[in-house]
Amino acid sequence: MSSGNSAPSRKNKLQFTAETKCSFCPGSKCCNYITQAIDTPRSIADFDQLLWQLAHENVQVYKDEDGWFLVALNRCRFLQAHGRCSIYESRPQLCRDYSNDYCEYDAPPEEGFDLYFQTYEELDAYCRKRYKKWDSRFS
Ligand code: SF4
Ligand code: SF4
């Protein structure tokens, strides 16, 4: 999670270490979205509801080894220019617990996803393949 340190500059070159890593992270990647675990969708009705959620801007869905998750691609309002956290001393526990040991800086999260739907159209296409009755679900 975003650091309280300023970004490296030519005048003040930081060594890349575990402690300074977040200062090198463009845009503080992990401070630009939230995820929320959701029940595993099983029925046509479940997927239709997911489709409604993906009809909204900046909402995505993925499945990995831990289950299904909604993603809201929204920047934290406390993330300042140069990747600084403006509430660093009182930031939420989740931010404190987040490890930068192997994070978005090292690899895109989607590398670990089994399924990833970034748009309404992608999920709709998946549902059409999964359910023969998908297109006639309202009749
Ligand atoms: S993505 Fe990793 S390196 Fe970047 S701010 Fe978050 S924890 Fe730090
Ligand atoms: S509170 Fe600070 S560390 Fe947590 S997401 Fe927002 S900017 Fe990042």
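Below, each value reflects all heavy atoms present in this structure, side chains not excepted, and no hydrogens, waters or symmetry copies. Both ligands and their constituent atoms are indexed starting at 1 by order of listing.
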**Request:** Report the C-alpha distance between Leu51 and Trp134 in whole Å, list the side-chain angles of each, state the deciding distance to 0.1 Å, and finish with yes or no for side-chain contact (heavy atoms from CB on, under 4.5 Å).
**Result:** CA-CA 12 Å; Leu51 201 58; Trp134 180 253; 3.6 Å; yes
**Fill in**
ligand 2 to Cys95, heavy atom cutoff 4.0 Å, flagged ligand atoms 1 (S), 3 (S), 4 (Fe), 5 (S)
**Fill in**
Taking only non-hydrogen atoms of Leu79 and a 4.0 Å limit, the atoms of ligand 2 in range are 7 (S)
**Asked** Between Tyr33 and Tyr62, does a ring-ring contact (aromatic ring centres under 6.0 Å, His included) hold up when you go through it step by step?
**Response** CA-CA 13 Å; Tyr33 66 89; Tyr62 71 85; 8.8 Å; no
**Request:** Check whether the side chains of Thr17 and Thr20 place a donor and an acceptor atom closer than 3.5 Å, and report yes or no.
**Result:** yes
**Complete:** ligand 1 atoms nearer than 4.0 angstrom to some heavy atom of Cys103 are 1 (S), 2 (Fe), 3 (S), 7 (S)
**Item:** Enumerated ligand 1 atoms positioned under 4.0 Å from heavy atoms of Cys30
**Value:** 1 (S), 5 (S), 6 (Fe), 7 (S)
**Request:** Report the C-alpha distance between Phe47 and Arg130 in whole Å, list the side-chain angles of each, state the deciding distance to 0.1 Å, and finish with yes or no for side-chain contact (heavy atoms from CB on, under 4.5 Å).
**Result:** CA-CA 10 Å; Phe47 278 98; Arg130 178 169 172 149; 3.5 Å; yes
**Request:** Between Ile87 and ligand 2, find which residue part has any heavy-atom pair under 4.0 Å and reply side chain, backbone, both or neither.
**Result:** side chain
**Prompt:** Quick check: does Cys22 put an N/O/S atom under 2.8 Å from atom 6 (Fe) of ligand 1?
**Reply:** no
**Prompt:** Does Cys76 bring an N, O or S atom to within less than 2.8 Å of atom 6 (Fe) of ligand 2?
**Reply:** yes
**Asked** Side chains of Phe117 and Leu50: does their closest heavy-atom pair fall under 4.5 Å?
**Response** no
**Message:** How about CG on Asn58, more than 12 heavy atoms from neighbouring residues, nucleotides or ligands closer than 6.0 Å, or not?
**Reply:** yes
